[in-house]
Amino acid sequence: MTDFIRPTQDSHPRIAEALREGLLTLCATDPALAGAHPGEMLRFVPGRRVVFDGTLDGRPAIFRMAKSDRDAEAFDAEWQELTRAAAAMAQGASAVNRPLVLGAGGRVLAVEHVAGRPLLDLLWSSGTEDRLRWCVRAAHWLAGFTGTTEARAPINRGPWRTWAEEAAARQTHAELAEIEGRVLQKMKKLSRGLREATWRTAICHGDFHPNNLIAAGGRLTGIDLGGSRRAPIYRDIARFLTHMARRGMLPSGQRRFGVDAAAYEAFTTAFAMDEEEATRILPYLICYECLVRVEHPDMSRDRITHARTMAEGLFDDLRQIA
């Protein structure tokens, strides 16, 4: 189910103070973190991790503290990926937030705090032409991020279909359950046609959406790379396009497979997709993203309407190919 309530400094000040003390205690065990000064708690996932802003040796930083062995292992993987990506994207208009320190026995990860505006926020305040330009920029950011690790592999279509089906069964909004049930049937039919195909995989962002791209001047910086791992490149693209559509952000005002048509074209162009990728594989992963993002029972009326409209548009185009 989509996260709906995340404890923050304002909502849980006593929890925030206790966790800050715990973070400072951990930092005190590692000389590399001696200059850490955590500020406001930004997010707390109970039993897993906590995120603070602050400074490290006077530089703006984000601190993540692992509350489980699983998250400590994830920190190590993220550190390695950030180090690789920061070197690969050191020049040009696309970047990632730089890794600063992985310390305290791997329990504390400090990364650069990037100044700027989250891309979705910027899109809402921009005109149509600027929105479309930023979508093209976002597509090129992702192509640059994944490009050095791309490889062809047989399609493992089964898990994505299974995960989508399991998520669809948890849908609590009747108006979404009805249309998503029809999308699921089309996804299954589309899956059968992909049996012999291959697709491109790469080390992907893992949670690629407009608010994980920070715009400053003409530069886009990717943040929150904790989910980076090898996956089909289309999954990150589908995540980005679906995130916008389910919030009513349609820069061109036209849809293709339920999402913005111009943004769809920006990604298929940036990745030089062939016909199979652009008209069958990417829609397959959009089906997955449509179904796996189960809306919270208390989600706003607008969000439910946007989700339904997107699913209806997706179903209409799927009928042409499956």
Side-chain angles (χ1 to χ4, degrees), residues 93-94 116-147 183 187 190 199-200 202 204-215 218-224 231-293 302-303 305-318 320-321:
S94 297
R117 294 181 68 182
L119 184 57
L120 185 60
D121 180 47
L122 180 59
L123 292 177
W124 284 120
S125 63
S126 300
T128 298
E129 290 187 3
D130 284 338
R131 288 177 177 180
L132 296 175
R133 278 195 290 265
W134 279 113
C135 286
V136 171
R137 292 288 313 284
H140 283 282
W141 184 96
L142 185 61
F145 179 77
T146 63
V183 168
M187 183 183 183
L190 184 58
W199 59 12
R200 283 184 276 174
C204 294
H205 184 288
D207 191 19
F208 185 63
H209 59 74
N211 278 338
N212 276 338
L213 288 175
I214 305 299
R219 191 173 177 85
L220 275 181
T221 301
I223 63 170
D224 202 8
I233 59 169
Y234 326 93
R235 191 278 173 93
D236 268 2
I237 299 169
R239 174 84 169 104
F240 186 97
L241 296 172
T242 301
H243 187 95
M244 288 205 310
R246 288 172 78 101
R247 286 156 180 78
M249 171 50 68
L250 293 170
S252 71
Q254 299 180 354
R255 293 184 187 268
R256 186 178 185 192
F257 294 105
V259 301
D260 186 76
Y264 192 104
E265 182 178 359
F267 280 94
T268 59
T269 300
F271 281 84
M273 290 190 192
D274 61 28
E275 186 72 10
E276 180 83 354
E277 292 176 300
T279 63
R280 300 182 69 81
I281 297 177
L282 181 53
Y284 186 68
L285 270 298
I286 290 177
C287 288
Y288 166 78
E289 283 294 325
C290 173
L291 298 173
V292 81
R293 302 290 164 185
D302 283 350
R303 282 283 295 275
T305 298
H306 291 316
R308 187 190 71 241
T309 303
M310 183 211 146
E312 290 171 345
L314 174 56
F315 177 77
D316 285 344
D317 283 355
L318 289 170
Q320 307 303 312
I321 63 170

Measure from the side-chain N and O atoms of [X] to the backbone N and O of [Y], and report whether any donor-acceptor pair falls under 3.5 Å.
| X | Y | result |
| --- | --- | --- |
| Arg293 | Arg246 | no |
| Arg137 | Gly218 | yes |
| Tyr264 | Ala278 | yes |

Under a 4.0 Å threshold between the charged nitrogen and the carboxylate oxygen, would Arg239 count as salt-bridged to Asp207?
yes
Between Glu289 and Arg235, is the closest basic N to carboxylate O distance under 4.0 Å?
yes
With side chains defined as the heavy atoms from C-beta onward, is the minimum distance between [X] and [Y] less than 4.5 Å?
| X | Y | result |
| --- | --- | --- |
| Ile286 | Met310 | yes |
| Pro118 | Leu213 | no |
| Leu190 | Arg280 | yes |
| His205 | Phe240 | no |
| Pro210 | Met244 | yes |
| Leu282 | Phe257 | no |
| Glu129 | Arg133 | yes |
| Ile233 | Trp199 | no |

Drop me the distance from [X]'s [atom1] to [Y]'s [atom2], to the nearest 0.5 angstrom.
| X | Y | atom1 | atom2 | result |
| --- | --- | --- | --- | --- |
| Leu123 | Leu132 | CG | CG | 9.5 Å |
| His140 | Phe267 | NE2 | CZ | 9.5 Å |
| Thr268 | Glu275 | OG1 | CD | 10.0 Å |
| Tyr234 | Ile281 | OH | CD1 | 4.5 Å |
| Thr309 | Leu314 | OG1 | CG | 12.5 Å |
| Leu119 | Thr221 | CG | OG1 | 11.5 Å |

Ignoring hydrogens and geometry beyond distance, is a side-chain donor-acceptor pair present between Thr146 and Arg200 at under 3.5 Å?
no
Which pair of non-hydrogen atoms, one from [X] and one from [Y], has the smallest distance, and what is that distance?
| X | Y | result |
| --- | --- | --- |
| Leu122 | Ala215 | CD2-CB, 3.7 Å |
| Ser94 | Arg219 | O-NH2, 4.3 Å |
| Ala245 | Arg255 | CB-NH1, 4.2 Å |
| Ser125 | Arg117 | OG-NH2, 3.1 Å |
| Asp236 | Cys204 | OD2-CB, 3.2 Å |
| Cys287 | Leu318 | SG-CD1, 3.5 Å |

Check step by step if side-chain contact (heavy atoms from CB on, under 4.5 Å) holds for Ile237 and Met273.
CA-CA 12 Å; Ile237 299 169; Met273 290 190 192; 3.4 Å; yes
Over 60° means perpendicular and under 30° means parallel, so classify the ring planes of His209 and His243, tilted if in between.
parallel
Worked check of side-chain contact (heavy atoms from CB on, under 4.5 Å) between Glu265 and Arg256
CA-CA 9 Å; Glu265 182 178 359; Arg256 186 178 185 192; 5.8 Å; no
